[in-house]
Amino acid sequence: MSQINKLKIFNDPIYGFITIPNALIYDLIQHPYFQRLRRISQMGLSYLVYPGANHTRFHHALGCLHLMQKAVDVLRFKGISLSKEEENALYIAILLHDIGHGPFSHAMERSIVEDVHHEEISLLFMNQLNVEFNGQLSLAIQVFKGDYDRIFMLQLISSQLDMDRMDYLKRDSFYSGVSEGNVNSERLIQMMNVVDDVLVIEEKGIYSVEKFLMSRRLMYWQVYLHKTSLVAELILTKVLKRAKELTLKGIKLPCSKPLSFFMENKVTMETFDAQTLDLFAQLDDFDIIGALKAWQKEDDFILSSLSKMIVNRDLLKIKLTSEKVAIEELQPLKERFALENSISLLETNYFIFRGKIKNQAYSKNAEPIRILNKDKTIEDVVDASDQLNLKSLSKSVTKYYLCFPKQLL
């Protein structure tokens, strides 16, 4: 295929036309590892609350690539020198930043693999692709790991105001119909500059940054931490844990080969070899949905009940409070449920449990969003802003939850 044929255009409902900048990016998009992202939903089980939220990680990665192209154009226009290699490294790193996500995003990380995070798997995929593409991803990997001396390049990929956040807020807001998240990414990118190899936002962009942080806070409470999405993801994590538990006891459960591998083996970062990566690359949302549909019919009460809850969207009841839920509150519920369903008190932990969620729109401890004032001084956005609410946005807000079956009401 000629180089020209690889300069394709995607039609995106948010940005319009997204162009592929070169043949290498096209080949990476065409790779099975990347095509798999078409089968990984961007917002996990949020479609159980927002029916339109069916977009995928594939959409999101292309959106990030598009925003990165805009950022490169703006910085070059402002006289920031970027070599062709550095530009390409930015495109590759942002395109592949989420390639390590498992089915339904975070549920896998908490259940059938032992503390292996998607960022680490993304890096494993990048290293593997680097071998296949004869070292053409080396600089992108260096930038992604934070080993490159131009700090702003990493900040464009991963920081409190990066292309990733700009795209997912706008995209998730569009597909969920929650307009509070609709950030003005175009304006934010126009206001970007680089001073001493560090990313800054010019002073006149401060209101756009404030709106961006406010949108992020609202999207977390309204969408990402919506109590129904939260309880659905918690149930999914419990289903996978239970399935793994039964599999390790020697019970053969119907599921795809890649999924059964992760059920049968203890997978940690140390054991994540090339074969494991290849099997992980075959896993997507369809493996999980297919398994849940089959597991509804299993003899195990816990596995079948929890699977039915997700398939039929008949979930556990969840109550959010600002006060921590006392362990004593759970005991009578557990005893009653154990008696009614002939299960042990220990097994009721699958149905009755408590926990907490945190929301912090802006962290003072992380790399700050820097504002470049007209007098050339640079300060943290919280100090530069006259908005009192930015101070409160940097405070962490914690809410507590209690989940239990509806019949116990």
Side-chain angles (χ1 to χ4, degrees), residues 36 39-41 44-45 100-122 124-125 230-312 315-316 330 334 337-355 403-405:
R36 160 184 168 275
R39 303 184 299 279
I40 304 275
S41 62
L45 290 161
H101 266 292
F104 294 110
S105 300
H106 302 284
M108 283 257 319
E109 291 175 25
R110 303 194 190 108
S111 52
I112 57 178
V113 292
E114 318 270 327
D115 285 328
V116 183
H117 296 286
H118 69 269
E119 293 94 345
E120 297 170 303
I121 304 175
S122 291
L124 292 174
F125 274 126
L230 176 66
V231 75
E233 189 166 304
L234 290 165
I235 294 169
L236 179 57
T237 308
K238 302 259 180 202
V239 174
L240 294 170
K241 272 193 172 151
R242 181 61 173 177
K244 183 151 190 164
E245 203 176 284
L246 295 172
T247 304
L248 294 175
K249 281 182 184 167
I251 296 167
K252 191 87 183 115
L253 296 174
C255 63
S256 69
K257 268 190 180 162
L259 185 55
S260 74
F261 171 84
F262 286 92
M263 292 293 179
E264 289 161 13
N265 296 283
K266 184 174 176 170
V267 179
T268 63
M269 207 53 218
E270 286 69 47
T271 62
F272 222 106
D273 56 16
Q275 184 212 356
T276 310
L277 188 67
D278 190 52
L279 284 158
F280 186 86
Q282 295 170 46
L283 269 184
D284 55 49
D285 291 5
F286 294 89
D287 296 76
I288 305 293
I289 293 289
L292 291 173
K293 285 168 72 180
W295 295 345
Q296 293 178 99
K297 309 279 191 292
E298 285 299 300
D299 294 336
D300 182 70
F301 169 76
I302 297 169
L303 187 69
S304 67
S305 303
L306 294 173
S307 298
K308 281 175 191 160
M309 284 180 192
I310 296 177
V311 174
N312 303 319
L315 307 166
L316 294 169
L330 278 67
K334 287 184 169 189
F337 192 72
L339 196 65
E340 285 174 9
N341 296 285
S342 312
I343 59 171
S344 71
L345 269 176
L346 187 66
E347 288 173 329
T348 61
N349 290 335
Y350 278 103
F351 299 92
I352 300 160
F353 49 90
R354 60 182 188 157
C403 299
F404 58 90

Could you work out, with salt bridge (Lys or Arg N to Asp or Glu O under 4.0 Å) as the rule, every residue matching [X], not counting sequence neighbours?
{"X": "Asp285", "answer": "none"}
{"X": "Glu298", "answer": "none"}
{"X": "Glu119", "answer": "none"}

Looking at every non-hydrogen atom in both residues, tell me the closest pair between [X] and [Y] and how far apart they are.
{"X": "Val239", "Y": "Ser307", "result": "CG1-OG, 3.8 Å"}
{"X": "Gly100", "Y": "Ser122", "result": "N-OG, 2.9 Å"}
{"X": "Pro405", "Y": "Ile352", "result": "CD-CG1, 3.6 Å"}
{"X": "Trp295", "Y": "Pro254", "result": "NE1-O, 2.9 Å"}
{"X": "Leu248", "Y": "Met263", "result": "CD2-O, 3.8 Å"}

Measure the spacing between [atom1] of [X] and [atom2] of [Y] and express it to the nearest 0.5 Å.
{"X": "Ile343", "Y": "Thr348", "atom1": "CD1", "atom2": "OG1", "answer": "6.0 Å"}
{"X": "Lys308", "Y": "Leu303", "atom1": "NZ", "atom2": "CG", "answer": "10.5 Å"}
{"X": "Ser342", "Y": "Phe337", "atom1": "OG", "atom2": "CZ", "answer": "10.5 Å"}
{"X": "Leu283", "Y": "Arg39", "atom1": "CG", "atom2": "CZ", "answer": "10.5 Å"}
{"X": "Leu45", "Y": "Ile235", "atom1": "CG", "atom2": "CD1", "answer": "9.0 Å"}

Are [X] and [Y] close enough that some pair of their side-chain heavy atoms sits under 4.5 Å apart?
{"X": "Leu292", "Y": "Leu236", "answer": "yes"}
{"X": "Ile302", "Y": "Phe351", "answer": "yes"}
{"X": "Ser304", "Y": "Asp299", "answer": "no"}
{"X": "Phe353", "Y": "Leu316", "answer": "yes"}
{"X": "His101", "Y": "Ile121", "answer": "no"}
{"X": "Phe261", "Y": "Val267", "answer": "yes"}

Can you name the residues that form a side chain to side chain donor-acceptor pair (under 3.5 Å) with [X], not counting sequence neighbours?
{"X": "Asn341", "value": "none"}
{"X": "Ser256", "value": "Asp287"}
{"X": "Lys334", "value": "Asn349"}

Test: Arg242 and Glu347 ion pair at under 4.0 Å:
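Yes, this pair counts.
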Write out all pairs satisfying salt bridge (Lys or Arg N to Asp or Glu O under 4.0 Å) with one or both partners inside residues 262-272, taking only residues at least two apart or from two chains.
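Output for this query lists Lys252-Glu264.
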Name all residues meeting the ring pair (Phe, Tyr, Trp, His ring centres under 6.0 Å) criterion together with [X]; count only those two or more places apart in sequence or in a different chain, and write none if there are none.
{"X": "Tyr350", "answer": "none"}
{"X": "Phe104", "answer": "none"}
{"X": "Phe404", "answer": "none"}
{"X": "Phe286", "answer": "none"}

Pairs of donor and acceptor atoms involving the side chains of residues 272-282, under 3.5 Å and at least two apart or interchain, shall be tabulated with distances.
residue : atom : partner : partner atom : Å
Asp273  : OD1  : Gln275  : N            : 3.3
Asp273  : OD1  : Thr276  : N            : 2.9
Asp273  : OD1  : Thr276  : OG1          : 2.6
Thr276  : OG1  : Thr271  : O            : 3.4
Asp278  : OD2  : Gln282  : NE2          : 3.4
Gln282  : NE2  : Asp278  : O            : 3.3

Criterion side chain to side chain contact (heavy atoms under 4.5 Å, CB included) on Ile310 and Leu306, from CA distance to verdict:
CA-CA 7 Å; Ile310 296 177; Leu306 294 173; over 6 Å; no
Is a side-chain N or O of Gln296 found less than 3.5 angstrom from the main chain of Lys293, in a donor-acceptor match?
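Pair found, side chain donor or acceptor close to backbone of Lys293.
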